[in-house]
Q: 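Mind having a look at this structure? Questions to follow.
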Amino acid sequence: MADTGAGRFAPSPSGQLHVGNLRTAVLAWLFARSTGRRFLIRVEDLDRVRVRAGAEAEQLAELTALGLASDEPVLRQSEHVPRYTAALEQLMARGLAYECFCTRRDVAEAASAPHGRPGFYPGTCRSLGEDERARRRLERRPALRLRSAVDSWTVEDLLAGRVTAPVDDLVLRRNDGVIAYNLAVVVDDAAQGIDQVVRGEDLLDSAPRQAYLASLLGLPSPTYAHVPLAVTAGGRRLAKRDGAVTLEDLAGQGSSAAAVLDEILASLGLPRGSLDAALAVFDPGRLPNHPWVVEPAVLFSTAAGPACTPSVPTDKVSP
Ligand code: GLU
């Protein structure tokens, strides 16, 4: 199976998964399996501040409870730092990375200046001389940024179509030494033979910058499918504070993992019953193209009634 390509689900172990995350995982599995790919699970645990003890085991148990298992040993990013560092060194050797001494505040202020672009690094530290950098290093440990040669990049998304998004001098290694998400994802997807990325729509704008970074590293870009998120009735992205939205909470209310899987499948317009039954009729072209509205107060509250509201179009999804 080694050369069949792979899809993946790559959670950050910051807490339990909620039904929206689980739905994305189910979709990643369906996309992978329906195209003959392996399905891999990757634990994105580089940011130790966000990692919560025990969350990785909880998340893997939640995925297993739904029938989602990785076809290869689960990869933990914290165990692969040398390969991110090697990619970083390659970029540095080619003059494609530079030290940045800006604080968050500096970046925010520059972005809100008259000609600034919100969220777009203006290149303040791009051309600092060696003496200046040596001086600044004594004051602050630098981040490393990409010396981007483009303003934007375009990818094709199976669901969203052609997507062009800004690409700035994105951070490759943070000033606390942590490898940035965008670099780690690109390196790992290629290293693991992942050629299909299915994840939440909130990451759609990251795809062009990741594809650009992959092109600079000489790595292939995966096929993308960014899937609609789960939202509250008010149109806000679902969060754990919104009520009983994790398998543990729902089990406490008497809903089994199988019942939750059924609701997830139903929300996708797929038959309840099993992942395999859903796979047999899975057609990406027929997926709902709007968010899944989840109302925790009524979610799975009665065995007989509708477990959650039908998906309805909303344009109020917060990023
Ligand atoms: N680890 C990221 C998250 O949990 C997802 C990364 C990805 O799928 O590219 O939001």
Side-chain angles (χ1 to χ4, degrees), residues 5-32 37-52 54-60 62-63 68 70 74-81 83-84 87 153 155 157-160 163 165 167 170-172 174 178-214 217 219-231 237-240 245-246 291 317-319:
R8 46 74 156 185
F9 181 63
S12 304
S14 53
Q16 293 176 332
L17 298 171
H18 63 55
V19 290
N21 307 133
L22 293 169
R23 185 182 193 242
T24 300
V26 166
L27 281 166
W29 184 90
L30 288 166
F31 269 92
R37 288 178 164 88
R38 289 167 293 141
F39 173 72
L40 307 182
I41 296 175
R42 181 168 74 222
V43 176
E44 303 212 320
D45 61 347
L46 288 177
D47 186 349
R48 305 310 292 178
V49 177
R50 288 191 61 211
V51 169
R52 192 173 62 65
E56 175 190 321
E58 277 172 354
Q59 293 183 342
L60 295 176
E62 288 158 353
L63 294 167
L68 303 173
S70 185
V74 171
L75 183 142
R76 212 170 280 123
Q77 287 189 320
S78 57
E79 293 169 2
H80 293 273
V81 171
R83 72 183 182 208
Y84 316 129
W153 198 254
V155 299
D157 184 275
L158 289 176
L159 302 178
V163 178
V167 177
L170 50 107
V171 172
L172 300 168
R174 301 184 336 199
V178 174
I179 297 291
Y181 154 72
N182 283 309
L183 178 64
V185 161
V186 165
V187 169
D188 279 339
D189 284 343
Q192 293 186 275
I194 289 165
D195 60 353
Q196 180 190 62
V197 168
V198 176
R199 60 188 176 190
E201 219 163 48
D202 53 328
L203 289 169
L204 184 58
D205 275 358
S206 298
R209 56 178 58 203
Q210 291 170 6
Y212 174 61
L213 194 48
L217 289 166
L219 304 173
S221 284
T223 299
Y224 292 104
H226 288 84
V227 301
L229 299 175
V231 298
R237 198 159 108 200
L238 191 69
K240 266 168 286 172
V245 291
T246 64
V317 190
S318 52

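The model shown is predicted, which means the values in this text are computed figures rather than measured ones. Read the numbers this way: they start at 1 and go in the same order the structure lists the ligands and their atoms.
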Q: Can you tell whether the side chains of R8 and D188 come within less than 4.0 Å, N to carboxylate O?
A: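 A salt bridge is absent here (no side-chain N lies under 4.0 Å from a carboxylate O).
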
Q: Protein N/O near ligand 1 N/O, under 3.5 Å, which pairs?
A:
from, atom 1, to, atom 2, distance (Å)
ligand 1, 1 (N), A10, O, 2.7
ligand 1, 1 (N), S12, OG, 3.0
ligand 1, 1 (N), E44, OE1, 2.6
ligand 1, 4 (O), S12, N, 3.3
ligand 1, 4 (O), S12, OG, 3.3
ligand 1, 8 (O), R8, NH1, 2.5
ligand 1, 9 (O), R8, NH1, 3.3
ligand 1, 9 (O), R8, NH2, 3.1
ligand 1, 9 (O), Y181, OH, 2.9
ligand 1, 9 (O), R199, NH1, 2.8

Q: Take atom CZ in R50; do more than 12 heavy atoms of anything else shown fall under 6.0 Å from it?
A: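 At most 12 heavy atoms, drawn from other residues, nucleotides or ligands, come within 6.0 Å of this atom.
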
Q: Is the side chain of D195 donor-acceptor paired with the backbone N or O of G5 at a distance under 3.5 Å, no angle test?
A: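 Not at all, since once roles are kept as given, no pair shorter than 3.5 Å links the two residues.
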
Q: So which of D157, D202, T24 actually passes side-chain hydrogen bond (donor to acceptor under 3.5 Å, both in side chains) with H226?
A: D157

Q: Nearest 0.5 Å, what's the CZ-NE2 distance between R42 and H80?
A: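 Interatomic distance, R42 CZ to H80 NE2, rounded to 0.5 Å: 10.0 Å.
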
Q: Distance check, rounded to the nearest 0.5 Å: L219 atom CG versus D189 atom CG?
A: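 These two atoms lie 10.0 Å from each other.
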
